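First comes the structure, then the notes that go with it.
Counting starts at 1 for both ligands and their atoms, following the listed order. In this chain, numbering begins with 1 at the start of the sequence shown. Owing to the predicted nature of the structure, the values given are computational and were not obtained by experimental measurement.
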Amino acid sequence: MRSNWKELLKQPFAQENLMMMGKLKPAEEFTPEEVEALEPFWKRVEATALPLHVPVKGPYERKWWKEAVAYQIYPMSFCDSNGDGIGDLNGIYSKLDYLKALGVDIVWLSPIYDSPNDDNGYDIRDYRKIHADYGTMEDFDRLLEGVHARGMKLIMDMVLNHTSDEHPWFQAALKDPTSKYKDYYIWRKGKADGTPPNNWQSFFSEPAWNYYPELDEWALHLFSRKQMDLNWENPELREEVYDMLNWWMDKGVDGFRLDVINLISKFEGLPDGEEGFITGIENYVYGPHLHEYLQELNRRVFSLHDSYTVGEGCGLGAATQVSMTLASRKELNTTFCFSHFDTPGHSKYSTYRYDLNYLKDYIMKTQGTQDADNWLTLVFENHDQPRFLSKITREPGEIEPAAKLVALLEMTLCGTTFIYEGQELGMRFVEFKHASEFRDVEAINMYKKLLSEGKTEEEAFRFVAPGTRDQTRAPMQWTSDANGGFTTGTPWLRLNDNFDTVNAADEEKDPDSILNFYRAAISQRKQNKTLVYGDFVPVCPEQKDFFGYTREDADGKYYVEINLSAHELERPVEMNGTLLLGSYGTAEKALRPFEANLYRLR
Ligand code: TEU
Ligand code: CA
């Protein structure tokens, strides 16, 4: 039995993974047999182990991206300027004043590169070319100029774990396996019985390997069959990537959202995985060379520019992700952690009411570790997850206060805040009628898989509909006119029928609308930097359904009180302060359903 397992057990990655496996317990409770049985696990922890980080006390170094409010745009669904039913760059350009008025500082564009769109652009065919549906490079340059002219920044979505199988690199590898491009990807011979090299399954419900008879070899794809994983162990490939990234930075973009960046390093030998939700994930979710590659990326690209980076930490817990965002380690500025998107035991396909007490615990855990060497992100929605608002509400009357609760929460916590398009309007659950309406490769594959497992069309549809990523890709609702003012043509994906009442134009005019509340909350954050950098201290944390906290630094002290439930709640404590913003406009004797208030105490 190995002697250093107790040391390895202290690693955040070990703690979070054993937690996920339901095997986490104090060292003294492990039996020698259990330690032995976990040997493959200890090997992986050992390969990624880092000196344990001790939070650094003291003030945060102030940075533009720490104080920023970021806004994610899903270009296909934001605004169509030429009537083809597909959003585009000129459509985004036409809404820059809307974003500025909302208080946005960073615009994040989901992929706009040339692509066959098997996964809506996360399958890039040419990193230096704009997708014809979105416009031209001239349109992009004008958009970038327009963003900067309004004092905002623009970050690109960059997919470096895989490319489209139509990318010239992959095509060259197929045409001439002796070319250098062959080793830009991950190839293996199959097993003697003609089956794939290992038992890995893709994120999209299929085996993670394509067979190419012309080479009698298999190539790895962790996502769709047309998204081929890049071989980051190849220094020539990495050079090409750094050149391309610096090309975009030299064009004037301000940084990158890095797609599934934690998956780029795979464990040697690509061993079979333990059967599970995504079989094999333990062999690449936190690989042996990840930190090395992130430090090289920083050295060769990010540190050469006044850039901002946010990595998508896919399948990693918050504590493990800290090692990727410590300023002292010079890797990424921030990452996205999605551990709070669903409560334990639930997935995005589950229809349940999300208990906000779970979110409170998550926030207290992540906000609690004041650490001047680290910085967090705050995110509740994106293009891969159903609308958060629909997870936490059940009755129509709950929608508005609950939407405002999320706004006030997000704008009064420590971290770079992210809003997903439509979140500021209270856009929500789309009632799809039939599987033929799905456009998302993940949902379509899941649907097919369920049918192949004997489910009826109705059963498969009912399972997939709540969790299809089409949920949050439904076009933006600008007006109550036809197609919500998104397009004069036929939208590529249906809109939510409620655009007649839920739309930017009507909410603009209504002082009490969710849109105007987001504006007010963002304005409070900008006026009071204590809400960004101040110490976070919970108030009455033991009180169920109540979430209270103060934010304090030399410039001031603020108090936030929130009713996490759909019923009236007595205040556990009275704080003597000035009400700056309240989701019901005033503060009464008791807290109304989902009520959220921000006070200045000094
Ligand atoms: O998403 C990675 C990821 O975490 C998602 O695949 C997620 O696990 C899944 O959708 C949840 O059901 C990134 C992009 O955000 C996503 O749109 C891409 O499809 C994916 O990478 C592959 O590039
Ligand atoms: Ca268009």
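- Taking every heavy atom of Val260 and a limit of under 4.0 angstrom, the matching atoms of ligand 1 come to 2 (C), 13 (C), 21 (O).
- Ranked by closest heavy atom to atom 13 (C) of ligand 1, the top entry among Asp259, Asp440, Asp119 is Asp259.
- Proximity to Asp384 (heavy-atom distance under 4.0 Å) selects the following atoms of ligand 1: 1 (O), 5 (C), 10 (O), 13 (C), 14 (C), 15 (O), 16 (C), 17 (O).
- Ion pair Asp229/Lys266 flagged as a salt bridge, since at least one NZ, NE, NH1 or NH2 atom sits closer than 4.0 Å to an Asp/Glu carboxylate oxygen.
- Within a 4.0 Å radius of atom 3 (C) of ligand 1, the protein contributes one or more non-hydrogen atoms.
- Remark: Arg494 engages Glu437, Asp497 in a side-chain hydrogen bond (donor to acceptor under 3.5 Å, both in side chains) (not counting sequence neighbours).
- Under a 4.0 Å N-O distance rule, the pair Asp157/Arg257 qualifies as a salt bridge.
- A cation-pi contact, defined as under 6.0 Å to the ring centre and within 45° of the axis, links Lys95 to Trp478.
- Closest to atom 8 (O) of ligand 1 among all protein heavy atoms lies Phe203 CD2, 3.9 Å.
- Under the ring-ring contact (aromatic ring centres under 6.0 Å, His included) rule, Phe418 has a single partner from Phe338, Trp65, Phe336, which is Phe336.
- No hydrogens or angles considered: nothing links the side chains of Asp114 and Tyr127 as a donor-acceptor pair under 3.5 Å.
- At the top of the distance list for atom 9 (C) of ligand 1, counting protein heavy atoms only, stands Glu442 OE2, 3.3 Å.
- Donor-acceptor pairing under 3.5 Å is lacking for the side chains of Thr468 and Gln471.
- Here Arg257 has side-chain heavy atoms under 4.0 Å from ligand 1, and that is the only part of it that gets that close.
- If you check which protein heavy atom lies closest to atom 20 (C) of ligand 1, you get Phe223 CE2, 3.8 Å.
- On a distance-only criterion, Lys348 and ligand 1 share at least one N/O pair closer than 3.5 Å.
- Listed by chain and residue number, nothing satisfies the side-chain hydrogen bond (donor to acceptor under 3.5 Å, both in side chains) test with Arg128 (two or more places apart in sequence, or in another chain).
- With no hydrogens or angles considered, a side-chain donor-acceptor pair links Tyr212 and Asn210 at under 3.5 Å.
- When heavy-atom distances to ligand 1 are checked against a 4.0 Å cut-off, Phe336 has no atom that comes that close, whether in backbone or side chain.
- For Leu102, the side chain to side chain contact (heavy atoms under 4.5 Å, CB included) partners two or more places apart in sequence, or in a different chain, are Tyr71, Val104, Glu424, Leu515, Tyr518, Arg519, Ile522.
- Atom numbering of ligand 1 starts at 1 in the shown order; those under 4.0 Å from a heavy atom of His162 are 22 (C), 23 (O).
- Of all atoms in ligand 1, numbered sequentially from 1 with element shown, those under 4.0 Å from a heavy atom of Arg473 are 17 (O).
- In this model, a donor atom of one side chain and an acceptor atom of the other lie less than 3.5 Å apart for Trp209 and Asn198.
- Close contacts between ligand 1 and His383 involve ligand atoms 14 (C), 15 (O), 16 (C), 17 (O) [criterion: under 4.0 Å to a heavy atom].
- Around the Ca ion (ligand 2), protein atoms of type N, O or S found under 3.0 Å number 5.
- Distances below 4.0 Å separate heavy atoms of Phe204 from the following atoms of ligand 1: 19 (O).
- At a threshold of 4.5 Å between non-hydrogen side-chain atoms, the residues Leu245 and Trp247 do not count as touching.
- Checked by atom type, the side-chain pair Tyr122/Ser164 shows no donor-acceptor distance below 3.5 Å.
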